[in-house]
Amino acid sequence: MNAHASITAIEPYRFYIGQAVDHVGGRLRSVIVDREITLMGRQIYRVTVSPEDAAGRPNRIVSGDHLVAA
């Protein structure tokens, strides 16, 4: 792959910044703070977890495949 190649097709994000989300397994109520798409096309979200579910870790990085809209 050419290191100077640019990606022209931009995938839409599943979630928008500020949206309330939850983990597919539940019990991780969060809000999207930042997001990015990797070169492999995976969506990565930085979330702030609600205080009740944080367990000492209020900020987390989660794959978009593991999130659902709340």
Test item: Gln43 and Arg14 side chains (from C-beta on) under 4.5 Å apart, heavy atoms: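 Yes, their side chains come closer than 4.5 Å.
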Side-chain heavy atoms of Ile44 within contact of Thr38, under 4.5 Å: yes
Spacing of [X] atom [atom1] and [Y] atom [atom2] [to the nearest 0.5 Å]:
X	Y	atom1	atom2	result
Arg60	His66	CZ	NE2	13.5 Å
Tyr45	Ile37	OH	CD1	7.0 Å
Tyr13	Gln19	OH	CD	14.0 Å

Connected-component partners of Val31 among ILVMFWY, side-chain separation under 4.5 Å: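 Val31 clusters with nothing; isolated.
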Val49/Leu28 under side chain to side chain contact (heavy atoms under 4.5 Å, CB included): CA gap, chis, key distance, verdict: CA-CA 6 Å; Val49 182; Leu28 189 66; 3.6 Å; yes
Residue pair [X] / [Y]: nearest heavy atoms and the distance that separates them:
X	Y	value
Ile32	Tyr16	CB-O, 3.5 Å
Val33	Ile17	O-CG2, 3.7 Å
Arg35	Phe15	NH1-O, 2.7 Å
Val47	Ser30	CB-CB, 3.7 Å

Arg29/Asp53 salt bridge by N-O under 4.0 Å criterion: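 Answer for the salt bridge query: yes.
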